[in-house]
Colleague: 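This is the structure, below, for whatever I ask next.
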Amino acid sequence: MLAIKTLRDKLEQVKSALATRQSDISFTQWIAADQKQRRLKQTIETLKFKRNRASEEIPKRKRAKEPLDALLKEMKTVSEEISRYEAELKRIEAENADFLLNLPNVPHVSVPVGKDETENQEIRRWGEKPVFSKAPLSHWVIGETLGILDFERGAKMSGSRFVLYRGLGAKLERALINFMLDLHTTAHGYTEILPPFIVNRSSMTGTGQLPKFEDDLFRLKDSDCFLIPTGEVPLTSIHADEILAESDLPLNYTAHTPCFRREAGSYGQDTRGLIRQHQFNKVELVKFTSPTDSYDHLEQLLAHAETVLQKLGLHYRVVSLCTGDLGFHAAKTYDIEVWVPSQEKYREISSCSNVEDFQARRAKIRYRTADGKIEHPHTLNGSGLAVGRTVVALLENYQQPDGSVVIPEALRSYMGGLEKIS
RNA sequence: GGAGAGGUGGCUGAGCGGUCGAAAGCGGCGGUCUUGAAAACCGUUGAACUGAAAGGUUCCCAGGGUUCGAAUCCCUGCCUCUCCGCCA
């Protein structure tokens, strides 16, 4: 959510910044409604002032046994007026709040301007593409042949885009989760959290998933609660409605959570394999930082996610998303894309964003500065990493001519010393 | 699932329908005292909106209602706790 003050004072700047996102938002209606809202509020406050003064007067007169019928009558009218105006104000406020909640974040100045993903900017590459003697197999062929991934039975019990891991496949997923969590908690200084995987509407709204993206979420039938689409939601909600101390910052949290996504509107995309599932595991990184150094922290967060791939020896590139490809709540985003040999493509395996104060404002996350001022911290989040997609990369990049898959050195202690899956 | 209790400021916890943004204690901050610290004592200490400021309005879980006036009364919802039942 953007600050109303910013909208009122710097509307033209906001407009042109948002235009780079390819959003066509009209502000004319909002401007009128905002003015109406302020006028109404003034009227109501004047009336309430009158009522409050009368409330002081009435008991005095009562004690003095002075007549007050006329005053009571007058105040009854005033109260009726107030409730009439308030009903109107409530309606307008709800409209305006809805407008604000649906406005995307303003891109940071360093974000490349562009219309869609074709104009994202490559920042760097790490490692080399592996060389194969014959055409590399897709991870689902490898996984099914090795008996570690079972898409058929996943679909049988749950539907398409669900998978069953078996034996060493399940163990590999678990090994990756532990490997990532250990790395982030020991080497990178994050506090491990095990949050709820079901959250209420307020947590979803605070983090920016709602009201705009309800169709992408799984909602529980009788409770207005949702399955989390990412660990970012519970981790960022940890400090909702709180006022932190400046000395608390930065706060660094990590968590492994399953993520649940409806994937509405992605029919026909990545229908086979692990790339796009309704349920997948992810290790998430979330930071709360001071606004002054949040962009340094974004680089750090990105480096922390990259470290996972480096330790696993997986070739990847880092891309800075252009304005047109930026997610709703992000001011700046780096995607890490891992090499997927069977597709001869880089595929997103992590997305690291600085949300600035967009979520903090929605979720009422604040901190008190040394001189007592109340400010919104910046929130950052990134995948460190998407676990299912890491399995994709491992199976494909480490596949051997004999059909086996070598386990990278860094992971072996988590696999009971196993060197390859065959 | 059944029965009951309750949701008040950073925390604990008072609060008669009007003088309550709200007692008191703790904690925090500043000070006195002290070589220093502790203790003691004194002072101070919520948030949002609005306004140049003075000030004004709002907030005692949320939403409705009663009333000239609600933290206080009524209704609904949410949440927490206790006991019983069930259960990993």
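Lettering follows sequence order; numbering is per chain, from 1.
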Colleague: Taking pairing as Watson-Crick or G-U wobble with both contacts under 3.5 Å, can you name the mate of B:G51, or confirm there isn't one?
Modeller: none
Colleague: Pick the closest RNA chain B nucleotide for A:I4 and for A:K62 by heavy atoms, then say which residue is nearer the 5' end.
Modeller: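 Closest to the 5' end, via its nearest nucleotide, is A:K62.
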Colleague: If you measure from the P atom in B:C73 to the same atom in B:A14, how many Å do you get, rounded?
Modeller: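 Comparing P positions in B:C73 and B:A14 gives a spacing of 15 Å.
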Colleague: Using atom C1' in both nucleotides, what's the gap between B:A23 and B:G9 to the nearest angstrom?
Modeller: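 My reading of the C1' atoms in B:A23 and B:G9 gives 13 Å.
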Colleague: Paired with B:C87: which nucleotide, if any, by Watson-Crick or G-U wobble criteria at under 3.5 Å for both distances?
Modeller: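 Paired with no nucleotide.
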Colleague: When rounded to the nearest Å, what value does the distance between C1' atoms of B:A71 and B:U32 take?
Modeller: 38 Å
Colleague: Should A:L149 and A:L164 count as side-chain neighbours, where that means a heavy-atom distance under 4.5 Å?
Modeller: no
Colleague: For atom P, what is the distance between B:G65 and B:G28, given to the nearest Å?
Modeller: 44 Å
Colleague: What interatomic distance, in whole Å, is found between C1' of B:U35 and the corresponding atom of B:G25?
Modeller: 33 Å
Colleague: Between A:V111 and A:H108, is any pair of side-chain heavy atoms under 4.5 Å apart?
Modeller: yes
Colleague: Between B:U50, B:C68, B:A47, spot the one nearest the side chain of A:I243, thanks.
Modeller: B:A47
Colleague: Taking atom types as modelled, find out whether A:N200 and A:S203 have a side-chain donor-acceptor pair closer than 3.5 angstrom.
Modeller: yes
Colleague: Could you tell me how far apart A:R201 (CZ) and B:G63 (C1') are, to the nearest whole angstrom?
Modeller: 16 Å
Colleague: Whom does B:A38 pair with, Watson-Crick or G-U wobble, provided both distances fall under 3.5 Å?
Modeller: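 With both distances under 3.5 Å required, B:A38 matches none.
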Colleague: Run through A:E232, A:K212, A:E356 and flag the one making a side-chain hydrogen bond (donor to acceptor under 3.5 Å, both in side chains) with A:H329.
Modeller: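 Looking at A:E232, A:K212, A:E356, the match for A:H329 under the side-chain hydrogen bond (donor to acceptor under 3.5 Å, both in side chains) is A:E232.
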Colleague: Quick one: A:D241 CG to B:A48 P, roughly how many Å, whole number?
Modeller: 13 Å
Colleague: Answer with yes or no whether A:K60 presents, from its side chain, a donor or acceptor under 3.5 Å of a partner atom in the base of B:G18.
Modeller: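 No.
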Colleague: Taking the nucleotide of RNA chain B with the nearest heavy atom to each, does A:P59 or A:R368 sit closer to the 5' end?
Modeller: A:P59
Colleague: Write down the distance between CG (A:L89) and C1' (B:G63), rounded to a whole number of angstrom.
Modeller: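 It works out to 16 Å between those atoms.
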Colleague: So do A:M204 and A:E214 actually touch side chain to side chain, heavy atoms under 4.5 Å?
Modeller: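 Heavy-atom side-chain distance check fails, nothing below 4.5 Å.
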Colleague: Could you check whether the rings of A:W30 and A:F99 sit parallel, tilted or perpendicular, using 30° and 60° as the cut-offs?
Modeller: parallel
Colleague: Evaluate the ring planes of A:F162 and A:H278, with Trp represented by its six-membered ring, and classify them as parallel (under 30°), tilted (30 to 60°) or perpendicular (over 60°).
Modeller: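 Geometry flag for A:H278 against A:F162: tilted rings.
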Colleague: Measure the distance from CD1 on A:I58 to P on B:G17 and round it to the nearest whole Å.
Modeller: 17 Å
Colleague: It should be established whether A:R61 places a side-chain nitrogen or oxygen under 4.0 Å from OP1 or OP2 of nucleotide B:C68.
Modeller: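 For B:C68, neither OP1 nor OP2 has a side-chain N or O of A:R61 closer than 4.0 Å.
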Colleague: Send over the distance from A:I198 CD1 to B:C78 P, rounded to a whole Å.
Modeller: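 Between P of B:C78 and CD1 of A:I198: 16 Å.
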Colleague: With distance as the sole test, does A:D150 use its side chain to make a donor-acceptor pair with the main-chain N or O of A:E152 at under 3.5 Å?
Modeller: yes
Colleague: Work out how far the P atom of B:C61 is from that of B:C16, and round it to whole angstrom.
Modeller: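 Result for the P pair: 15 Å, nearest Å.
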Colleague: Without decimals, in angstroms, what is the distance between A:L40 CG and B:C49 C1'?
Modeller: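 After rounding, the gap between these two atoms is 15 Å.
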Colleague: Taking only the P atom of each, what is the distance from B:G85 to B:C26 in whole angstrom?
Modeller: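 The same atom, P, in both gives a distance of 43 Å.
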Colleague: Provide the Watson-Crick or G-U wobble partner of B:G43, both distances under 3.5 Å; none if there is no partner.
Modeller: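 Because both required distances fall under 3.5 Å, B:G43 counts as paired with B:C29.
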Colleague: Given atom CD1 of A:I374 and atom P of B:C49, what is their separation to the nearest angstrom?
Modeller: 10 Å
Colleague: Are the side chains of A:Y253 and A:I238 in touch, meaning some heavy atoms are under 4.5 Å apart?
Modeller: yes
Colleague: Can you confirm whether A:P291 sits close enough to A:Y367 that some side-chain heavy atom of one is under 4.5 Å from a side-chain heavy atom of the other?
Modeller: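 When only atoms from C-beta onward are counted, A:Y367 and A:P291 do touch, with a gap below 4.5 Å.
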Colleague: Among the candidates B:G18, B:C68, B:G63, find the nucleotide nearest to the side-chain atoms of A:K90.
Modeller: B:G63
Colleague: Strictly by Watson-Crick or wobble contacts shorter than 3.5 Å, is anything paired with B:G4, and which nucleotide is it?
Modeller: B:C81
Colleague: Using a 4.0 Å heavy-atom cut-off to protein, can you give one letter per nucleotide of nucleotides 51-57 of chain B, 5' to 3': B if the base is in contact, S if only the sugar-phosphate is, - if neither?
Modeller: S----BS
Colleague: Can you tell me how far P in B:G7 sits from the matching atom in B:U57, rounded to whole Å?
Modeller: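 Rounded to whole Å, the distance is 28 Å.
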Colleague: Could you tell me whether the side chain of A:L244 reaches within less than 4.5 Å of the side chain of A:L251, counting heavy atoms only?
Modeller: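 Yes, close enough: below the 4.5 Å cut-off.
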Colleague: Check the angle between the aromatic planes of A:H188 and A:Y190 and answer parallel, tilted or perpendicular using the 30° and 60° thresholds.
Modeller: perpendicular
Colleague: Between A:R361 and B:A48, is there a contact of a side-chain N or O with OP1 or OP2 at under 4.0 Å?
Modeller: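 No, because none of the side-chain N or O atoms of A:R361 sits under 4.0 Å from OP1 or OP2 of B:A48.
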Colleague: Looking at RNA chain B, which of residues 73-81 of chain A put a heavy atom within less than 4.0 Å of it?
Modeller: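 Those residues are A:M75, A:K76, A:S79.
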Colleague: Separation of A:E246 atom CD from B:C29 atom C1', in whole Å?
Modeller: 16 Å
